Amino acid sequence: MMNRRELMGAGGAVLFASLRKALAANYDLVIKGGRVIDPSVGLDAVRDLAIANGKIVAVEPEIPGDATQKIDARGRIVVPGLIDIHTHAGRSKDGPPLLLQDGVTGWVDAGSAGADNIDQIATVARTAPQTGRALVNIARTGVVSPAGELHDINAANVALAQGAIARHRDVVVGVKARLSENVADTNDLEALRRAQEAAAPFNLPVMIHIGQSFSAMRAILPLLKRGDIVTHMYAPAPNGILDEKGRLLPDVTAARRRGVIFDFGNGVLDHFDWATVERATKQGFWPDTISTDWNVMSKTTGVIDFPNVMSKFIMFGMPLSHIIACATVNAARAFASFDDRGTLNVGAPADVTILELREGTFEFLDNYKGTRAGQQRLFPAGTVLAGKPVQRA
Ligand SMILES: [Zn+2]
């Protein structure tokens, strides 16, 4: 038998060193020294983040020892993998890998397809590298642009939409209805009623797109239940969230109070202007979730990438941790499929986004060719999906 002194002699030191190495090697990846912002636990501090077997295993001021891989995140912001709840990523198999480059580790295709063509979207979602989900458009055709899919209300077929949901329970997480007059004419309320009817037996949310609708918010919003989502929340009049004097409608605050989610949905045309964002946010009406309305062409539009869209709210003075919440934990809460995402808690799947916050002058675009200059812009600087660093394209 060796006593303690003998154990800590020459042979013991080697044993001890190899033991330490074995313990440290339990980590597959350590992300070192970044400013970790995880609104799910109110954390905003410099931390190391250790990952093993695809899960977060430690978030500490200093994680010593070796890991198979290390990422130096000093001077960077480390956040839970971004979740974009309004995209059109399902339209092409090229979409999801592009989104991954932007830091998006979870996405929802919001109504690109209806019952007639949801099968293709579901295939893209199932084969995507990250978590992909879809909303089925209440119009059986899906989005018809620019003509609009709900001019004939018969396109909103409840039985067909329910069949699409039943066929794709693993992918379809809600129903979408686009309610602007150029899409739905005078059919907005009936289309929304049918969307609710389709979703009801499955207990799924409905996402509506607002702005320039035939009906007023006071008629539309009562048809929404807790957990339903209003996207393009800052769409200009007619029939946006402000009255003719620019005041926030009481119906809108009442809807939020009872659990309706208000989503940004950047988009390209007609979906937001700076004046509406400014008036609404000055009255304290910030987004619950921030989303892009992204598609494979978005690099060349005012969207560019998800961090660019988030940066528009830095310009309006929204606290950074609140912005990150809108793109992570709040987005995750909108759909049960993301229940374990949007967080860097120990035990969570290791989906992590690394961002760079650059200072300078950056020009941002609304949907009416309006530009505004901000002094800070978030850039994608790395993505970790299920514990593995994503190769930069
Ligand atoms: Zn959209």
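Just so you know, residue 1 is the first one in the sequence shown, and it goes up from there. Note that the structure is a prediction, hence the values are computed from the model and not measured. We count ligands from 1, going down the list as the structure has it; atoms in each ligand are counted the same way.
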Please verify the inter-ring angle class for F313 with Y234; under 30° counts as parallel, over 60° as perpendicular, anything in between as tilted.
tilted

N266 versus T292, side-chain donor and acceptor atoms under 3.5 Å
no

Could you list the donor-acceptor pairs under 3.5 angstrom formed between side-chain atoms of residues 334-342 and any protein atom two or more places apart in sequence or on another chain?
unit_1: S337; atom_1: OG; unit_2: R133; atom_2: NE; d: 3.0
unit_1: R341; atom_1: NH1; unit_2: D351; atom_2: OD2; d: 2.8

Given the rule in the side-chain hydrogen bond (donor to acceptor under 3.5 Å, both in side chains) test, do E181 and Q212 qualify, once you have shown the distances and angles that lead to the verdict?
CA-CA 6 Å; E181 198 168 3; Q212 306 101 42; over 6 Å; no

At what distance, to the nearest 0.5 angstrom, does CD1 of I210 lie from OG of S215?
12.5 Å

Sorted by chain and residue number, which protein N/O/S atoms are under 2.8 Å from the Zn ion (ligand 1)?
H86 NE2, H88 NE2, D293 OD1

Are the aromatic ring centres of H86 and H209 under 6.0 angstrom apart?
no

